[in-house]
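Beneath this line is the structure, given in structure tokens, with notes to follow.
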Amino acid sequence: VETILSLIIQSPRSIESTSPLSHVYLSRVLIELTKYQPLRVPQCLVVAVATIFNDFIPSLSPLAKENMSQWLAFHLTNTEYQWPTAYWNVWTPYVVDPSSDESLTVKRNCRGEFLMHTIQCMSLYIPTPDLLMKQCLPHESKLCDFILGKPRHTLIAKSSSAHSNSIQGIEKDLDERIWVQNEDPDVIEEYIVGDEVSESVQSDLDEIAESSIPDKIWWRTGVVIRSLLRPARREKQYMERIIEETKSGDDMIESMDNDNDLDIKEDAIRDFADILPRFRPVVLATLAQDIKVHEENLDLRGEAKKSESEMLLSGELFLLMQLELVASFSSTMLKSYIATLLKHELVSPKAVICWSLGEFGYDALQHTILKDWWNHASSAMRIGIDVSLKKMSSSPEMLNADVGMIIDTGGDDEDGAKAVTPSVQRMKQLTDYTQLLMRYASNRVQKILDDHNSPAGKMNHEAADLKEGLKYFNRSVFCHVKSTLLEDPIVRSTTELGGAALEIETFLANNVTWG
């Protein structure tokens, strides 16, 4: 059992991995062993997990902890949540402050995060969270409040949940026009950027506090994106209602059947992916209008303006913050929504890296990093690389020219300069784009580490996650760049005289610093 657990902790979960000892395979092996020896294996597993939790969790890398929590969630879900109640009670103080009557989280620690991640992973395997509350967690456990993930920024959550009546009225109107009446996006765009809507909310905007600057600047964008996030908002409300009614002992099924406002058959991920392409021009129009109005206000006050790229990045960060506030209850949904925004170029990979590492551009916001920031950053880079590669020239003429140049001589051009083939140009374009973002991530991590006041010779939990996460981020980006170039038709044309793999390896080794 201990040997298999050690392999699970080290196992790859990537679909690109060719290892036969995958995370899913090893997890299934332990489940079959449990069924084969029900009187021996479960007891061994409990002792082994308790030992790892008490003695080794602090020394595991972020990926190893993630592997362990993913396995425990998978195993409990497939063994009818057979786990000693006493362990949940002993582990609870690592997550919840025992001296408080409310479910207040304790100071960030690796064991508490391991436990919360395990519970949230289990919630992804089941249709409704009441199963965990009734079959897995102890009765009236405070851990029930952490079944759904929560956004990082309590300050943003408070400001965003206290919108004025006028803005809430516009959101409700947009919900109806977009999701029920299915109005044309051009009509919605004309409505939301029009003077009538601006005048109706101006008095409320003047009263917004300085701590809510993003809501004040990007209010049009916020109204539109929150309306487009309606499927996630409805599913979140549904899950929260199940949890509250399970706590109170009400009959959830009967009450939900009589509620016409919620449809449990909705697919929040698919609905968002379907509607975003139609309303992408509306989001872009509101971003442009919000930037224009903000800059006009700065001119009136005689204040300095940010550059166009900085303002656009701020708008993208605001979109991601709204996404986190609504969709953070499900890690799968959050990642899917971010991927949809990236593919339609409403946010950039740099914005995702900034957001995940707690850089928002406003001093009033709490700069807390995401616990699994490297996963979001790596995923954004992979999508960004694929999108940027499609934008690069890939015409048949360039492909044929590339092969011809290689077969010819590969020597100097007429001016005596070394000839650069299109495949090398393509590799350089991609690596230049990648390195710029990797350098930003590295500098941001280093800045956070410099701001930490850790004792000499010691590294706290957050600092360890930052350093190890950066290693994973760099390794993930390198592997994706390499695999992408190997599959690119222009670069593959170099196989005529020796193979693209060697040329790519040499180019990446000699021209790129991967951290």
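Values below: every heavy atom of this structure, side chains too, minus hydrogens, waters and symmetry copies. Remember, it's a predicted structure, so these values are computed and weren't measured experimentally.
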*Asp290 versus His294: any side-chain heavy-atom pair under 4.5 Å?*
no

*Atom pair CG/CZ of Leu449 and Arg444 - distance to nearest 0.5 Å*: 10.5 Å

*First locate atom CG of Leu26, then atom CZ of Phe74, and finally report the distance between them rounded to the nearest 0.5 Å.*
11.0 Å

*Could you check if a side-chain atom of Trp374 sits within less than 4.5 angstrom of a side-chain atom of Pro62, using non-hydrogen atoms only?*
yes

*Side-chain heavy atoms of Leu346 within contact of Leu276, under 4.5 Å*: yes

*Take Leu72 and Leu76 through the test side-chain contact (heavy atoms from CB on, under 4.5 Å) and record every step on the way to the result.*
CA-CA 6 Å; Leu72 184 57; Leu76 292 180; 4.0 Å; yes

*For Arg382 and Ser476, run side-chain hydrogen bond (donor to acceptor under 3.5 Å, both in side chains): C-alpha distance rounded to whole Å, both residues' side-chain angles, the deciding distance at 0.1 Å, then the answer.*
CA-CA 9 Å; Arg382 288 193 290 271; Ser476 173; 3.0 Å; yes

*Do Trp355 and Glu316 come close enough that some side-chain heavy atom pair is under 4.5 Å?*
no

*asked:* Measuring only between side-chain heavy atoms, which start at C-beta, is Leu357 closer than 4.5 Å to Leu466?
replied: yes

*Counting distance only, does the side-chain N/O of Asp175 pair as donor-acceptor with the main-chain N or O of Arg230 below 3.5 Å?*
no

*asked:* I'd like to know whether OH of Tyr25 has more than 12 heavy-atom contacts from other residues, nucleotides or ligands below 6.0 angstrom.
replied: no

*Who pairs with Gln10 by side-chain contact (heavy atoms from CB on, under 4.5 Å), at least two apart in sequence or on another chain?*
Ser6

*Would you find a donor on one side and an acceptor on the other, under 3.5 Å apart, between the side chain of Arg233 and the backbone of Arg226?*
yes

*If only atom types and distance count, is the side chain of Asn78 paired as donor or acceptor with the main-chain N or O of Ile31 below 3.5 Å?*
no

*Output, in order, the C-alpha distance, side-chain angles, deciding distance and verdict of side-chain contact (heavy atoms from CB on, under 4.5 Å) for His23 and Ile8.*
CA-CA 6 Å; His23 190 274; Ile8 286 175; 3.8 Å; yes

_No-hydrogen, no-angle side-chain donor-acceptor test under 3.5 Å, Ser356 and His376_ = no

*State the CD1-CD distance between Ile188 and Glu183, to the nearest 0.5 angstrom.*
4.5 Å

*State, yes or no, whether a side-chain contact exists between Pro129 and Ser123 at a heavy-atom distance under 4.5 Å.*
no

Please list every donor-acceptor pair under 3.5 Å in which a side-chain atom of residues 327-339 meets a protein atom from a residue at least two apart or in another chain.
residue : atom : partner : partner atom : Å
Ser328  : OG   : Glu324  : O            : 2.7
Ser330  : OG   : Met333  : N            : 3.2
Tyr337  : OH   : Ala268  : O            : 2.7

*From Cys110 SG over to Leu60 CG, what is the distance, rounded to the nearest 0.5 angstrom?*
8.5 Å

*asked:* Can you confirm whether more than 12 heavy atoms, excluding those of Glu190, are under 6.0 Å from its CD atom?
replied: no

_I'd like to know if Arg234 and Asp271 make a salt bridge, using a cut-off of under 4.0 Å between side-chain N and carboxylate O._
no

_A quick test of your reading: do over 12 heavy atoms of other residues, nucleotides or ligands sit less than 6.0 Å from CD of Gln181?_
yes

*For Glu66, does its backbone N or O pair with a side-chain atom of His117 as donor and acceptor, under 3.5 Å?*
no

*asked:* Run the side-chain contact (heavy atoms from CB on, under 4.5 Å) test on Asp386 and His480 for me, step by step, so that the C-alpha distance in whole Å, both residues' side-chain angles and the decisive distance to 0.1 Å come before the verdict.
replied: CA-CA 9 Å; Asp386 295 341; His480 188 70; 3.1 Å; yes

_Determine whether a donor-acceptor pair (N or O, by modelled atom type, separation under 3.5 Å) exists between the side chain of Asp488 and the backbone of Thr484._
no

*Determine whether more than 12 heavy atoms belonging to other residues, nucleotides or ligands lie under 6.0 Å from atom CD of Glu240.*
yes

_Please give me the minimum heavy-atom distance between Ser227 and Glu171, naming the atom from each residue._
OG-O, 3.6 Å

*So, does Ser388 use its side chain to make a donor-acceptor pair with the main chain of Ile385 at under 3.5 Å?*
yes

*Residue pair Leu30 / Leu5, side-chain heavy-atom distance below 4.5 Å*: yes

*Nearest-0.5 Å distance, CZ of residue Phe279 to CZ of residue Phe272*: 12.0 Å

*Salt bridge flag under 4.0 Å for residues Lys65 and Glu468*: no

*Quick one: pull up CH2 in Trp373 and CG in Asp465 and give me the separation to the nearest 0.5 Å.*
10.0 Å

*Might you work through the salt bridge (Lys or Arg N to Asp or Glu O under 4.0 Å) test for Lys305 and Asp299, ending with a clear yes or no?*
CA-CA 8 Å; Lys305 296 186 293 187; Asp299 288 336; 3.7 Å; yes

*Please lay out, stage by stage, how Leu287 and Phe318 fare under the test side-chain contact (heavy atoms from CB on, under 4.5 Å).*
CA-CA 10 Å; Leu287 282 169; Phe318 181 78; over 6 Å; no

*Compare all side-chain heavy atoms of Phe56 with those of Ile9 and state whether any distance is below 4.5 angstrom.*
no

*asked:* Any side-chain to backbone donor/acceptor pair from Thr118 onto Phe114? Under 3.5 Å, distance only.
replied: yes

